[in-house]
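Here's the structure, in structure tokens; my notes come after.
Numbered from 1 within each chain, the chains take letters A, B, ... in sequence-line order.
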Amino acid sequence: MAETAATQPSRSRDLDKLLLRPGNLVGPRFEPSAQLRDDVQNHARVLVVGAGGLGCELLKDLALSGFHNLDVIDMDRIEVTNLNRQFLFRVEDVGKPKAEVAAKRVMERISGVNIVPHFCRIEDKDIDFYNDFMIIALGLDSVEARSYINNVACSFLASVFFSPCHEIEYDSDDNPLEETIKPMVDGGTEGFKGHARVILPGVTPCFECTIWLFPPQVKFPLCTLAETPRTAAHCIEYAHLIKWNEVVHNFAHGGTAFDPDNPQHMKWVYDEAAKRAELFGIPGVTYSFTQGVVKNIIPAIASTNAIISAACTLETLKIATECSKTMSNYLTYNGSEGLHTKVAEFERDKDCLVCGPGVLIEVDTSVTLQKFMNLLEEHPKLQLTKASITHRGKNLYMQAPPVLEEMTRSNLSLPLFELMGKLSKDVIHVNGMTNKNNQKVSCLRKLRVTFKGVDGVTDMDTAGGA
Amino acid sequence: MAEPKVKYDRQLRIWGEQGQAALEKSSICLLNCGPTGSETLKNLVLGGIGSITVVDGSKVEVGDLGNNFLVDESSVGQSKAKCVSSFLQELNDSVKAKFVEEYPEALIETNPSFFSQFTLVIATQLVESSMIKLDRICREANVILIFARSYGLTGFVRISLKEHTVIESKPEHFLDDLRLNNPWLELKSFADSIDLTVQDPVAHKHIPYVVILVKMADEWAKSHGGKLPSTREQKKEFKDLLKARMVSQDEDNYKEAIEASFKVFAPRGISLDLQRILNDSSSEVDSNSSDFWVLVAALKEFIANEGGGEAPLEGSIPDMTSSTEQYINLQNIYLAKAEADFLVMEQLVRSILKKIGRDSNSIPKATIRSFCKNARKLRVCRYRSIEDEFNSPNLPELQKYLTDEDSSIAVGIYILLRAVDRFAANYNSFPGQFDSATDEDIPRLKSAAISLLSDLGCNGTALAEDLINEMCRFGAAELHAVAALVGGIASQEVIKLITRQFVPMSGTYIFNGIDHKSQLLSL
């Protein structure tokens with residue numbers, strides 16, 4: 001194949017300049033060639049999580065950046081209020097699954113691209129599903145969802161210390177094995193603000209390492225709502241959180257839970273809020289404001305989503321090809337007052353419960369699985385309840401579904417040492433509930449279990465420790 | 001007026017009905033609809049812009065299918081402007097979409113009056129010489145102009161117009177207007193009517209902090225010759241006095257008072273930024289003055305007289321621990337004063353309008369009201385003409401950027417983006433545009449950059465060799481992701497300019513896709 005300008009016009013005319021030509025400001029393993037471009041096109045698989053404001057842009061950007069094998073996962077259906085920015089959807093699509101319509105539209109316009117949609121929750125997929133992808137690009141709108149994917153990606157991380165192959169020497173630095181690093185690119189937007197970050201588990205900070213970046217949501221004190229309301233928001237939350245439940249208990253609503261997507265429920269809250277506001281002489285309760293407060297509506301526009309998704313896509317391309325330097329590692333953007341972009345280099349939390357080597361737990365060989373689970377509950381860092389435990393893909397105990405619970409129940413009385421194949425030390429993964437900001441949240445934790453007195457284990461001194 | 005469309009809900013919560021109306025009234029012209037221009041316009045069409053006209057003389061090529069979402073297989077060989085505008089029309093049928101199959105350079109040369117019909121022109125992928133000519137045309141015709149360009153992993157965005165004034169700047173963090181250091185009569189009387197030493201513990205912890213601070217500040221001033229705490233020791237002492245009044249640990253109102261005590265120490269009067277605006281020569285108004293400057297002239301008078309050194313009261317108060325009754329009363333006191341200030345301003349505006357020979361009702365009440373509320377947050381943005389910047393950039397700034405490690409890549413990109421245009425003018429193609437020529441082009445680009453720097457007065461400054469090589473490598477490629485990013489930024493600036501809300505960027509935004517250390521350069 002001639003390396004000068006091809007006689008055949010190429011679709012990748014512009015991308016070729018980046019991927020086929022050598023450069024100076026590039027990654028250490030950059031190998032410019034048509035092969036590289038073709039590998040990205042034919043073999044690189046990228047998962048886009050979310051098919052909303054960021055997801056639509058990500059699918060378009062990735063497809064037009066040489067990635068022709070994409071999957072997209074989103075559990076939502078299209079709503080009218082999406083149409084000001086989720087450009088793959090039209091009025092006629094309202095009600096249809098976002099993932100499916102998005103995939104279809106992009107494939108229609110860009111030939112050669114294959115996008116597999118998944119209309120389901122991210123939790124519904126096996127963990128192995130996520131391992132099939134080279135890179136995971138996140139276009140999510142919640143802290144919980146990000147946390148979940150982060151847990152999953154970091155769970156793939158293995159280190160030489162605890163590698164499945166016992167011939168490998170003990171590495172006291174506990175560095176991650178490169179092929180187990182699952183890169184993630186995460187974007188988020190709100191009005192004129194946004195962020196884009198690169199997460200290489202074990203190398204850059206993961207989502208959990210920098211969880212302090214996300215301040216807890218503002219909650220009004222109960223006494224303010226109940227006794228001394230002063231603002232429209234107080235009146236609304238009173239109706240939403242207090243009055244609704246009072247009325248529910250009086251069976252006026254047939255005992256139903258409040259559904260923010262039910263217009264009748266919303267109207268009820270608005271009416272009650274307006275009544276209360278009038279009683280106290282408080283201005284400002286409107287239907288639109290009520291919706292905003294109750295649903296915690298985040299204002300959103302096309303431009304910010306476009307900017308952040310594009311930044312994420314560029315980084316995805318760089319991770320896949322090393323065609324340029326990568327962002328290190330957190331970009332913030334604010335366009336409301338002039339234009340401010342900044343890249344900060346955050347550092348990992350060496351003791352991170354998610355991307356760290358895993359909390360070290362030392363137990364006797366006689367400890368049963370049940371006893372072990374009790375230990376997890378009492379462990380100061382973990383406080384894990386309702387634990388489901390897996391070891392190298394094997395279910396040791398599952399809380400759900402009932403069939404699996406029944407099947408694994410007998411393991412509870414068996415020694416953990418035996419269940420783990422009599423290995424002196426190994427990694428296990430635990431899914432359960434823990435406390436965060438006084439709320440019970442689900443989590444996935446990696447644990448390094450070592451058994452006392454088994455040969456080969458003389459020195460417990462590893463990076464960090466329990 | 002049409003009923004607000006539900007689909008715009010998420011953006012109405014940002015710029016409101018008025019902002020949306022401004023967007024729907026405007027007409028935009030796009031020059032060149034490669035991915036940079038197309039992506040810019042797509043975001044605006046989604047937002048409900050009134051009308052668009054796409055100007056591009058080229059036909060769709062196979063290579064365009066790899067970087068532009070707004071063209072597809074069936075459009076190869078056809079007018080790119082036509083294909084892009086019809087896709088945009090389909091994206092939002094309330095937008096009026098038109099196209100003109102012409103090269104922008106041709107229009108600039110032969111039909112400059114074409115541009116006068118638009119509210120705003122988005123000029124993408126233009127070279128230096130065209131930028132200068134278009135800039136002159138748009139300044140003359142009073143049309144807002146914004147440039148955007150993608151070039152490999154780099155790009156830039158630059159607004160160009162003489163002046164853009166903003167009343168609703170909506171800054172994220174701005175001190176509330178409580179006047180704790182300068183309470184007016186009614187606020188003082190209200191504070192006087194409340195007894196801080198009330199016995200009932202519930203009442204004690206529900207006195208709003210505004211009242212606490214007004215009273216305590218007054219007490220302090222009385223024993224300190226009319227002055228408020230100014231030294232570090234005095235400020236600490238003041239806070240200690242507050243702490244001493246707490247009867248239990250759960251008195252949130254006192255905690256809020258201590259946290260807010262800095263508002264008492266803040267200087268009275270107006271900020272330096274506002275002072276600068278008042279002192280601007282445009283505040284000496286005549287019949288040609290814009291409404292904004294007439295309002296500023298009225299503000300100037302207000303501050304000098306009835307305002308006693310202060311701008312009109314903003315009128316709103318933040319939420320604070322308080323009984324409902326006291327809070328509502330306090331709220332009403334602030335609202336009443338804001339209303340009174342507004343009425344005075346209204347009169348001032350009317351008399352100034354009369355003086356300069358305009359109809360005294362020509363500025364609507366709602367505008368004056370909004371101006372009063374936002375008086376402390378006014379912004380005036382001015383932009384140098386492209387010609388001025390290109391011929392005589394701010395030299396000290398330029399030299400600073402060239403030597404500062406954090407900005408050296410960005411300023412290098414700025415220089416090289418101009419150097420590639422000079423290169424193209426000499427060799428009829430961009431450096432590295434064709435595979436075969438890349439090696440020869442590197443030294444040629446380097447000398448174009450050196451001669452440009454020398455023209456600008458920066459002799460002997462070297463640009464990083466690596467960067468020069470990269471620019472040749474890029475070969476004027478228009479990469480979709482870069483175009484989408486640059487286009488996103490450009491579209492956001494357009495929204496701010498048209499809605500006249502929030503603050504548009506100043507200077508030139510240089511996008512650095514190599515390590516994302518992008519930069520705003522003020523040249």
Side-chain angles (χ1 to χ4, degrees), chain A residues 3-5 9-15 17-18 21-25 57 60-61 64-65 80-81 83-85 87 109-111 191-192 228-231 280-282 288 292 297 299-304 306-307 309-311 313-314 317 324-328 331 335-339 341 343, chain B residues 6-11 13-14 39 42-43 46-47 61-63 65-67 69 72-73 91 153 170-172 206 319 322-324 327-328 434-436 438 466 469-470 473-475 477-482 484-485 487-489 491-492 495 502-503 505-506 509 513-518 520:
Chain A
E3 64 192 44
T4 48
S10 163
R11 252 172 222 270
S12 57
R13 166 195 70 197
D14 295 83
L15 209 51
K17 295 198 169 122
L18 201 59
R21 294 178 173 186
N24 293 25
L25 296 172
E57 294 279 343
K60 159 182 71 75
D61 292 346
L64 288 174
S65 298
V80 174
T81 54
L83 302 177
N84 78 325
R85 63 203 183 280
F87 66 96
R109 287 200 74 80
I110 306 175
S111 63
F192 285 113
T228 55
R230 296 175 295 269
T231 66
F280 282 90
I282 295 171
S288 167
I297 292 179
I301 47 181
S303 50
T304 317
I307 294 165
S309 305
T313 300
L314 269 177
L317 181 62
S324 185
K325 303 275 182 206
T326 43
M327 174 204 300
S328 185
L331 170 79
S336 63
E337 210 176 325
L339 175 54
T341 64
V343 176
Chain B
V6 179
K7 77 171 169 178
Y8 295 137
D9 179 83
R10 297 300 187 263
Q11 65 196 40
R13 287 171 193 273
I14 297 178
E39 289 292 315
K42 153 189 142 275
N43 299 331
L46 284 168
E61 292 173 17
V62 169
L65 300 177
N67 74 2
F69 192 74
D72 64 2
E73 297 274 353
L91 201 53
L153 290 176
K170 300 185 171 175
E172 232 186 315
H206 279 96
D319 188 28
S322 168
S323 68
T324 305
Y327 184 81
I328 303 288
F434 303 110
D435 284 328
S436 48
T438 321
D466 284 345
N469 286 3
E470 284 300 280
R473 174 182 170 217
F474 296 151
E478 215 177 329
L479 299 168
H480 182 82
V482 177
L485 203 153
I489 290 182
S491 62
Q492 197 157 98
I495 288 173
F502 303 97
V503 184
M505 74 162 85
S506 56
Y509 176 73
I514 296 170
D515 56 13
H516 277 287
K517 294 208 174 129
S518 305
L520 270 172

(request) Would you mind checking which part of A:Ile282 comes under 4.5 Å of any heavy atom in chain B, side chain (CB onward), backbone (N, CA, C, O), both or neither? (result) both
(message) Just verifying a value: how many Å separate A:Leu25 CG and B:Asp466 CG, rounded to the nearest 0.5 Å?
(response) 4.5 Å
(request) Could you tell me which portion of B:Phe69 (side chain, backbone, both or neither) has an atom closer than 4.5 angstrom to a non-hydrogen atom of chain A? (result) both
(request) Could you tell me which portion of B:Leu520 (side chain, backbone, both or neither) has an atom closer than 4.5 angstrom to a non-hydrogen atom of chain A? (result) side chain
(request) Sequence neighbours left out, what passes side chain to side chain contact (heavy atoms under 4.5 Å, CB included) with A:Ala310? Give chain and number order. (result) A:Asp61, B:Ala484, B:Leu485
(request) Compare every heavy atom of A:Gly292 with every heavy atom of B:Arg13, then report the nearest pair and how far apart it is. (result) NH1-CA, 3.5 Å
(request) Give the member of B:Gly513, B:Ser506, B:Ser322, B:Ser323 that has the highest number of heavy-atom pairs under 4.5 Å with chain A. (result) B:Ser322
(request) Give, as side chain, backbone, both or neither, the part of A:Ile297 having an atom under 4.5 angstrom from any heavy atom of chain B. (result) side chain
(message) To check you understand the geometry: which heavy-atom pair defines the closest contact between B:Glu478 and A:Asp14, and what is its length?
(response) N-OD2, 2.7 Å
(request) Find out whether A:Leu314 and B:Val482 are in side-chain contact, i.e. whether some heavy atom of one side chain is under 4.5 Å from a heavy atom of the other. (result) yes
(request) Salt-bridge test for B:Glu39 and A:Lys60: reply yes if a basic N is under 4.0 Å from a carboxylate O, no otherwise. (result) yes
(message) One thing to verify: whether A:Arg21 and B:Asp435 come together as a salt bridge, which I'm taking to mean a side-chain N less than 4.0 angstrom from a carboxylate O.
(response) yes
(message) Within this structure, what is the OG-CG distance for the pair A:Ser111 and B:Asp72, rounded to the nearest 0.5 Å?
(response) 9.0 Å
(request) Can you measure from CG (B:Leu153) to OG (A:Ser324) and round to the nearest 0.5 angstrom? (result) 5.0 Å
(message) Does any part of the side chain of A:Glu337, heavy atoms only, come nearer than 4.5 Å to the side chain of B:Pro171, both counted from C-beta?
(response) yes
(message) Does any backbone or side-chain atom of A:Leu331 lie under 4.5 Å from a heavy atom of chain B? Answer side chain, backbone, both or neither.
(response) side chain
(request) Provide the closest heavy-atom pair for A:Phe192 versus B:Ile14 in the form atom of the first, atom of the second, distance. (result) CE1-CG2, 3.7 Å
(message) How close do A:Thr231 and B:Tyr327 get, counting heavy atoms only, and between which atoms?
(response) CG2-OH, 4.4 Å
(request) Side chain from CB out, backbone as N, CA, C, O: work out which of these in A:Ser328 comes under 4.5 Å of a heavy atom of chain B, or both, or neither. (result) neither
(request) Could you check A:Arg109 against B:Leu65 for side chain to side chain contact (heavy atoms under 4.5 Å, CB included), going step by step and ending with a plain yes or no? (result) CA-CA 9 Å; A:Arg109 287 200 74 80; B:Leu65 300 177; over 6 Å; no
(request) Please look at A:Ser65 and chain B and tell me whether the side chain, the backbone, both or neither of the residue comes under 4.5 angstrom of a heavy atom of that chain. (result) side chain
(message) Just checking B:Lys517: does its NZ atom have more than 12 heavy atoms from other residues, nucleotides or ligands closer to it than 6.0 angstrom?
(response) no
(message) Less than 4.5 Å to any heavy atom of chain B: does that hold for the side chain of A:Ile307, its backbone, both, or neither?
(response) both
(message) Only pairs of heavy atoms separated by less than 4.5 Å count here; which of B:Ile495, B:Asp515, B:Ile489 has the most with chain A?
(response) B:Ile489
(message) Shorter than 4.5 Å, heavy atoms on both sides: which option in A:Ser12, A:Gly191, A:Gly281, A:Gly335 has the most such pairs with chain B?
(response) A:Gly335
(request) Measure A:Ser309 against the heavy atoms of chain B and call it side chain, backbone, both or neither at under 4.5 Å. (result) neither
(message) Using a 3.5 Å distance criterion without hydrogens, assess whether the side chain of A:Asn84 forms a donor-acceptor pair with backbone atoms of B:Gly47.
(response) no
(message) With no hydrogens and no angle check, just 3.5 Å: does a side-chain donor-acceptor pair link A:Lys325 and B:His516?
(response) no
(message) Among residues at least two apart in sequence or on other chains, which ones pass side-chain hydrogen bond (donor to acceptor under 3.5 Å, both in side chains) with A:Arg85?
(response) none
(request) Calculate, to the nearest 0.5 Å, the distance between atoms OG1 and NZ belonging to A:Thr81 and B:Lys7 respectively. (result) 12.0 Å
(request) Compare every heavy atom of B:Arg473 with every heavy atom of A:Gly23, then report the nearest pair and how far apart it is. (result) CA-CD, 3.7 Å
(message) What I want to find out is whether B:Glu61 reaches A:Arg13 closely enough, with some N-O distance under 4.0 Å, to be called a salt bridge.
(response) yes
(message) Quick one: does any side-chain atom of B:Thr324 pair with a main-chain N or O of A:Pro229 as donor and acceptor, under 3.5 Å?
(response) yes
(message) For B:Ser518 versus A:Thr341, what's the shortest heavy-atom pair and its separation?
(response) CB-OG1, 3.9 Å
(request) Before accepting this row, confirm whether a basic side-chain N of the pair A:Arg230/B:Asp319 lies closer than 4.0 Å to the acidic partner's carboxylate O. (result) yes
(request) Check whether NZ of the Lys or CZ of the Arg B:Lys42 lies under 6.0 Å from the centre of the six-membered ring of A:Phe87 and within 45 degrees of that ring's axis. (result) yes
(message) Looking at A:Lys17 and B:Gly475, would you say the former's side chain and the latter's main chain have a donor-acceptor pair under 3.5 Å?
(response) yes
(message) Could you measure the distance from the NZ atom of B:Lys170 to the OG atom of A:Ser336? Nearest 0.5 Å is fine.
(response) 11.0 Å
(message) Looking at chain A, which one of B:His480, B:Met505, B:Glu172 has the largest number of heavy-atom pairs inside 4.5 Å, strictly under?
(response) B:His480
(request) Report the C-alpha distance between B:Ile328 and A:Phe280 in whole Å, list the side-chain angles of each, state the deciding distance to 0.1 Å, and finish with yes or no for side chain to side chain contact (heavy atoms under 4.5 Å, CB included). (result) CA-CA 8 Å; B:Ile328 303 288; A:Phe280 282 90; 5.7 Å; no
(message) I'd like to know which of A:Thr326, A:Leu317, A:Leu83, A:Ile301 tops the heavy-atom pair count under 4.5 Å against chain B.
(response) A:Ile301
(request) May I ask you to decide if A:Asn24's main-chain N or O and B:Glu470's side chain share a donor-acceptor pair within less than 3.5 Å? (result) yes
